[in-house]
Amino acid sequence: MTEAGESHEAARLAKLQAIEALGIDPWGGRFDGHMPVASVRALPVNPESPAAARIAGRVVLRRVMGNVHFLDVQDSSGRVQVMLGKKQVGELGWKLAQELDLGDLVGVDGTFGATKTGEPTVFAREVAMLAKSLLPHPDKHSGMTDMEFRLRHRYLDLTYNAETMDRARQRVMLVRAMRRHLDDQGFLEVETPTLHAVAGGAAARPFATHHNALDIPLVLRIALELPLKRLLVGGMEKVYEIGRVFRNEGISPRHNPEFTMLELYQAYSDYRGMMDLTEGLIHACATALRGSGKVTFGEAEIDFTPPFERATYAELLARHAGADMADPTSLERAASVRGIDPAGKHPDVLAQLLFEQEVEHRLKGPVFVHDYPASLCPLTRRKRGNPAVAERFELFVRGMELANAYSELNDPILQEATFRQQLAGLAEDDSMARMDDDFVRALRHGMPPAGGLGIGVDRLAMLLTDTTTIRDVILFPLLRPERGPQER
RNA sequence: GACCUCGUAGCUCAGUCGGUAGAGCAACGCACUUUUAAUGCGUGGGUCCUGGGUUCGAAUCCCAGCGAGGUCACCA
């Protein structure tokens, strides 16, 4: 801490002691009976018999006019001006008023009215100290704009940037809308383990950890899929989980190492059923947040009104990459032309590389891309009459993969074979290629045919709150820890 | 991981050609009972991200590192 910072803090510590000297606890306590600021502001203004008002919140602005102080007090519902007059708040209250700083938390009891300039105001009779703020707060005019500072002090960001608080609330509403939609359709919400012995259900690198008492290595889950499908075996026919998954991979405006997934499984459905369900679910979320299926995103408008566009993987690959998914020679040629070295790569891997490079960013969507190369989808049922194609779709919106779904593979013999198959071109530590014996055993007991769906909740939140970086729809995204003073 | 940009007071930011470190807000002091980013007068506050180099002299130029942002690559 620099000397300047210390001088700010020293001044506040001196006030803290002054407050204690008045016999007032600077850390406050229970303050019953207060109203949201927004409700106070809605009270009628009647000078004849002014309404009682009692609020609690943070002092975000202060104008000292000699024997009268004006405070702007903010709570989670809004801001209102408070007038503290020397004659009105009594001797002790007035002494306390001298010691208030920006950022302090106060309770105010008084009446509601308007000043002569018409400003809605709580005229204080009593002021209560609820918590002293010992550190200076951001500039009252320019606020805080530095991205890193905002992320490292999210509490200040929430306090001083209304958009941050709004987005946080919208996200809560989104998850709530999701739950309501699924609950209404008879889905059961469950919680499955975060600590797994084997990372499965997705292609990603896991975080490794260790359990001391059992002395076993564990990983943090990278997907919800395998436990949920065990529940299908167990007879939960419609089941979902909204939970955090962890992938030990890069950070970008669209990627955080921990993020929230919705996964759901519906017995006796398939990926077509999941398309219908996805459309209904996302439309319901959009409507809950933005009032309709049409949402603005930057300069553009995204229309989530069903039905969404549908296109097969093969036709998109042919259109944008000039490659025939069913013809290895064609794939190799297209790959070479586009700077991808085809040597030693499985044709399906080439197809996927081409798809990612040439197709994905062109998909403004929402568009269901369906019928994937089978070897990319080891947990997916093959298309009837065409074992090279998997009954899978991904939903793309603005070049971003938003949802992933398939007809679940319930054939344990094929599942085991798929697990054993090493795909050329996939990394050695790729979790898709890892065997989960216990899961295969569960399948052997009989899993109903089912549709399964995964949605990236953070990404949906981005699209529905018009936010371009995932770090602004996650309250505490991962940052490199600040170095402590002792390390400098 | 690669490339580009940024890092100066508590916050937001200037800082010219390399020549004593600046502003607004915040803080401190004084005045003020109806202000709206209150106002007026005065005062204090700096490891210019860190380390090295060039130079008589570096916030400024060079190198390395750290942190962040953006773009690209990969995962959703």
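Naming: A, B, ... by sequence-line order, numbering from 1 per chain.
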Would you indicate what G143(A) reaches in the nucleic acid, counting non-hydrogen atoms under 4.0 angstrom: base, sugar-phosphate, or nothing? sugar-phosphate
Rounded P spacing from rU35(B) to rU16(B) in Å: 42 Å
Indicate, with a heavy-atom threshold strictly under 4.0 Å, whether L402(A) touches base, sugar-phosphate, or nothing. nothing
What residues form a salt bridge (charged side-chain N to carboxylate O under 4.0 Å, His left out) with E189(A), not counting sequence neighbours? R179(A)
What distance, rounded to whole Å, do you find between the two C1' atoms, one in rG40(B) and one in rG19(B)? 37 Å
Touch check for N256(A), heavy atoms < 4.0 angstrom, all strands: base, sugar-phosphate only, or nothing? base
For atom C1', what is the distance between rC6(B) and rG15(B), given to the nearest Å? 16 Å
For M147(A) and rG7(B), give me the distance from atom CE to atom C1', rounded to whole Å. 16 Å
Quick test of your reading: applying side-chain hydrogen bond (donor to acceptor under 3.5 Å, both in side chains), list the pairs with at least one residue in residues 395-404 of chain A, sequence neighbours left out, ordered by first then second residue. R392(A)-N404(A)
What integer number of Å spans the P atoms of rC72(B) and rA9(B)? 32 Å
Answer with yes or no after comparing the ring centroid distance for Y313(A) and Y372(A) against a 6.0 Å cut-off, counting only values under it. yes
Sorted by chain and residue number, the side chain to side chain donor-acceptor pair (under 3.5 Å) partners of D101(A) (sequence neighbours excluded) come out as K15(A), K132(A)
Could you identify the nucleotide paired to rG45(B), looking across every strand shown and requiring Watson-Crick or G-U wobble geometry with both distances under 3.5 Å? none
Whole angstroms only, please: what is the CG-C1' distance between L134(A) and rG10(B)? 14 Å
Just how far, in rounded Å, is P of rG65(B) from CZ of R480(A)? 14 Å
Under 4.0 Å, heavy atoms only, any strand: does D146(A) hit a base, just the sugar-phosphate, or nothing? sugar-phosphate
Donor-acceptor contact below 3.5 Å, side chain R154(A) vs main chain L475(A): yes
Salt bridge (charged side-chain N to carboxylate O under 4.0 Å, His left out) contacts in which one or both residues fall within residues 119-131 of chain A, not counting sequence neighbours: D109(A)-R125(A)
Under a 3.5 Å cut-off for both contacts, is rC11(B) paired Watson-Crick or G-U wobble with anything, and if yes, with which nucleotide? rG24(B)
Sort out the partner of rU71(B) for me: Watson-Crick or G-U wobble, both distances under 3.5 Å, none otherwise. rA2(B)
Say you pick atom P in rU20(B) and the same atom in rA31(B); how far apart are they, in whole Å? 39 Å
Only counting residues at least two apart or in another chain, list the ones meeting side chain to side chain contact (heavy atoms under 4.5 Å, CB included) with L105(A). R58(A), L130(A), A131(A)
Base, backbone or nothing for each nucleotide of nucleotides 27-36 of chain B, written B, S, -, heavy atoms under 4.0 angstrom, 5' to 3'? SS---BBBBB
Between atom NE2 in H137(A) and atom C1' in rA26(B), what is the gap in whole Å? 11 Å
Could you grab the distance from atom CD of E249(A) to atom CZ of F207(A), nearest 0.5 Å is fine? 9.0 Å
In this structure, how many angstroms lie between the C1' atom of rA38(B) and the CG atom of L71(A), rounded? 13 Å
Could you check how far CD of E401(A) sits from P of rA73(B), rounded to whole Å? 15 Å
Using atom C1' of each nucleotide, how far apart are rG1(B) and rU12(B) to the nearest Å? 34 Å
When only distance counts, do a donor and an acceptor, one from the side chain of D139(A) and one from the base of rG24(B), lie under 3.5 Å apart? yes
M144(A) side-chain proximity, nearest of rC11(B), rC74(B), rG10(B): rC11(B)
Tell me the partner of rA64(B), counting only Watson-Crick (N1-N3 plus N6-O4 or O6-N4) or G-U wobble (N1-O2 and O6-N3) with both under 3.5 Å; none if nothing fits. rU50(B)
Within the 4.0 Å heavy-atom criterion, would you say E249(A) contacts the bases, only the backbone, or no part of the nucleic acid? base
Base partner of rA37(B), which must satisfy Watson-Crick or wobble distances under 3.5 Å: none
rA26(B) P sits how many Å from D104(A) CG, rounded? 15 Å
Run the salt-bridge test on R244(A) and D458(A) with the 4.0 Å N-O cut-off and return the result as yes or no. no
Contact class for R152(A) vs. all strands (heavy atom < 4.0 Å): base, sugar-phosphate, or nothing? sugar-phosphate
Can you tell me the distance, in whole Å, between the NE2 atom of H69(A) and the P atom of rU39(B)? 15 Å
Using the salt bridge (charged side-chain N to carboxylate O under 4.0 Å, His left out) rule, take E99(A) and K95(A) through it: C-alpha gap first, then chi angles, then the decisive distance, then the call. CA-CA 7 Å; E99(A) 310 302 336; K95(A) 283 182 176 163; over 6 Å; no
Nearest-nucleotide pick for P138(A), side chain only, options being rU71(B), rA37(B), rC11(B): rC11(B)
Assign each of F149(A) and L61(A) the nucleotide of RNA chain B bearing its closest heavy atom; nearer the 5' end lies the nucleotide of F149(A)
Counterpart base for rC32(B), defined by Watson-Crick or G-U wobble contacts under 3.5 Å: none
Separation of the C1' atoms in rA14(B) and rU71(B), to the nearest angstrom: 28 Å
Compare side-chain N and O positions of T145(A) against OP1 and OP2 of rC13(B) and report whether any pair is under 4.0 Å apart. yes
Can you check the distance between rC56(B) and rG18(B), where both ends of the measurement are the P atom (answer in whole Å)? 16 Å
